[in-house]
Amino acid sequence: MAIQAPKGTRDLLPDQIYKWHFVEGKFRAMCESYGFHEIRTPLFEHTELFQRGVGDTTDIVQKEMYSFQDHGGRDITLKPEGTSPAVRAFTEHKLFAEMQPTKMYYETPCFRYEKPQAGRLREFHQFGIEVFGAPDMTADAQVICFAQDFLDEMGIRNVSLEINSVGCPNCRSSYRKALQDYFRPHYDELCDTCKSRFERNPMRLLDCKSEEDQKLAKDAPSILDYLCDDCRTAFEDLQKDLDAMGIAYTVNPRIVRGLDYYTKTAFEFVSTGIGAQSTVCGGGRYDHLIEEIGGPEVPGVGFGLGIERLLLLMEENGAEIPEPPAPDVFVATLGENSRLAGLALLRKLRRAGLRADMDDLQRRMKGQLKLAARLGSRFTVVIGDDEVEKGVVQLKDMTAHEQHEVPMDRLVEELANDLR
Ligand code: ATP
Ligand code: MG
């Protein structure tokens, strides 16, 4: 049998790629206009970066990473997310020594060994933004605002913003204990994954995808009752800023996020549309991540947005994505002399900035015109031996079904006029 793509990966074929180019173009443009600049980091990093950054007790590090030893015996992992590498680069290149904040964005493939289904792949892609060096909630509010504005611009209506505070290491320890006390009598009812989360990461129990566990989690204690004064004030500040910008949200104390490094703000944009994979964008604040991986004491806040889920949602919302433009002009030729003249003309048209094409398979005239129609070319230029001799071409308007003769050296000008 022919070799197939690995499970959980997807090819993006040329006839679909315009959708990606569209969202990528919009995302980049928005980043630049909101003052973010791109960072590109390697596809793989030292495994230790994610163990320390994402956190040893998370599902990602425990069971989802693509890790291997290279030929030099180094422990390497394919990026499962974009924040830790951005933080590593920020620290390594001492960007913290410049005037803060540092505002960066990225687009990256991510690799996680998961059970593939709609909106859940083993290789998927994320857009992300990060703000480093801004301790106040105004940065969090603006990161959230960016995500909302981007989803709006992409034509997505059926998502809602849910926010929470996951506190800081201080308030979290008493909350973890309260959670364990709550779940302990139900321990035997928990799914196997949650049984293993019970000790190492009880907050993740709130985020389980299994229905029974979700039912149990409904009456669990709320983190909001355990926040220290600093975290409580910060959460109030965040809501004030969001209100001021007119951004609607719901407070959901069960939003905990899968990565260990979050502090204070956690948020998700959730849809009811794309099945169980309902979170299109998630993010929050990570005040200790940079120190955790050996950098200075600098806070950060950002989000990751799944591009495959974004495109699923856009489809569901009937968002319009403009199809790529057809050729402006197709050059059709009859006989060897005219083929040579056609080649020279094709080059001239392309260098003049027109989208121009020609048949590469030496088909008969009928086949060439069929190809021109198939490509949706706006004009076709027909050259035969007579035309070569007279230095003219027949210019066919494929929509008006009209044809007239044009001197070869006036063709570019005439087409440029007609296409305007
Ligand atoms: P989930 O709870 O759905 O597993 P997560 O909390 O693991 O998501 P994050 O690590 O916050 O997700 O990643 C940010 C975004 O990346 C998600 O909101 C989602 O849109 C996308 N994403 C995460 N995992 C996958 C995946 N396996 N396939 C496709 N997209 C994904
Ligand atoms: Mg996940």
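Starting from 1, each residue takes its place in the sequence as its number. The structure presented is a predicted model; accordingly, all values stated were derived computationally and were not measured.
- Without hydrogens or angle criteria, N317 side chain to I156 main chain gives no donor-acceptor distance under 3.5 Å.
- At distances below 3.5 Å, not a single donor-acceptor pair connects side-chain atoms of Q214 with backbone N or O atoms of L206.
- The backbone N or O of I383 sits nowhere less than 3.5 Å from a side-chain atom of T333 that would complete a donor-acceptor pair.
- No more than 12 heavy atoms of other residues, nucleotides or ligands shown are found within 6.0 angstrom of CD on E211.
- Between the D213 side chain and the C191 main chain, a donor and an acceptor come within less than 3.5 Å of each other.
- In this structure, E81 contributes its side chain and S84 its backbone to a donor-acceptor pair below 3.5 Å.
- In this structure D15 satisfies the side-chain hydrogen bond (donor to acceptor under 3.5 Å, both in side chains) test with no other residue, sequence neighbours excluded.
- Minimum heavy-atom separation, A234 to K264: CB-CD, 4.0 Å.
- Taking all atoms of both residues into account, the shortest heavy-atom contact from M398 to S377 is CG-O, 3.3 Å.
- E130 places no side-chain N or O within 3.5 Å of a backbone atom of G128 that could act as its donor or acceptor partner.
- Ring orientation note: the planes of Y182 and H186 are tilted relative to one another, at an angle of 30° to 60°.
- The salt bridge (Lys or Arg N to Asp or Glu O under 4.0 Å) check on D188 picks up nothing, with sequence neighbours excluded.
- Donor-acceptor pairing under 3.5 Å is lacking for the side chains of R122 and T9.
- Minimum interatomic distance between S271 and V159 (heavy atoms only, all atoms of both residues): CB-CG1, 3.8 Å.
- Partners of R40 by salt bridge (Lys or Arg N to Asp or Glu O under 4.0 Å), not counting sequence neighbours, listed by chain and number: E38.
- Annotation: F27 is in aromatic contact with Y105 [ring centroid separation under 6.0 Å].
- With hydrogens and angles disregarded, a donor-acceptor distance shorter than 3.5 Å links the side chain of D328 to the backbone of R355.
- In this pair, Y175 and Y226 present their aromatic rings tilted. The plane angle is within the 30 to 60° band.
- Heavy-atom contacts from other residues, nucleotides or ligands closer than 6.0 Å to CZ of R184 number more than 12.
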Per-pair distances, 0.1 Å, donor-acceptor, side chain in residues 287-296, under 3.5 Å, sequence neighbours excluded:
{"from": "D287", "atom 1": "OD1", "to": "R285", "atom 2": "NH1", "distance (Å)": "2.9"}
{"from": "H288", "atom 1": "ND1", "to": "E291", "atom 2": "OE1", "distance (Å)": "3.4"}

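- Side-chain contact, K19 with Q16: a donor N or O sits under 3.5 Å from an acceptor N or O.
- Listed by chain and residue number, nothing satisfies the side-chain hydrogen bond (donor to acceptor under 3.5 Å, both in side chains) test with H401 (two or more places apart in sequence, or in another chain).
- T265 is linked by a side-chain hydrogen bond (donor to acceptor under 3.5 Å, both in side chains) to D140, counting only residues two or more places apart in sequence or in another chain.
- Looking at E114, its side chain never comes within 3.5 Å of a backbone N or O of P116 through a donor-acceptor pair.
- Looking only at distances, a side-chain donor or acceptor of D70 sits under 3.5 Å from a matching main-chain atom of G72.
- Side-chain rings of F198 and Y187 approach one another, their centers coming within less than 6.0 Å.
- At a cut-off of 3.5 Å, with distance as the only test, no side-chain donor of T77 or D75 sits close to an acceptor on the other residue.
- Of the possible polar contacts, one joining the R309 side chain to the G119 backbone as a donor-acceptor pair under 3.5 Å is found.
- The shortest side-chain heavy-atom distance between L305 and F150 falls under the 4.5 Å cut-off.
- F146 and F36 have their aromatic ring centers within a separation under 6.0 angstrom.
- Checked by atom type, the side-chain pair Q403/D397 shows no donor-acceptor distance below 3.5 Å.
- Inspection of the E32 and H37 side chains reveals an N or O donor paired with an N or O acceptor under 3.5 Å.
- Inspection of the D243 and Y249 side chains reveals an N or O donor paired with an N or O acceptor under 3.5 Å.
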Quiz prompt | Trace of the side chain to side chain contact (heavy atoms under 4.5 Å, CB included) decision for L395 with L415 | solution = CA-CA 9 Å; L395 179 60; L415 277 172; 3.9 Å; yes
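- Between L121 and E123, every side-chain heavy-atom pair lies at or beyond the 4.5 Å cut-off.
- No side-chain N or O of E107 forms a donor-acceptor pair with one of H125 less than 3.5 Å apart.
- Side-chain contact of T41 with K79: a donor-acceptor pair under 3.5 Å is present, judged by distance alone.
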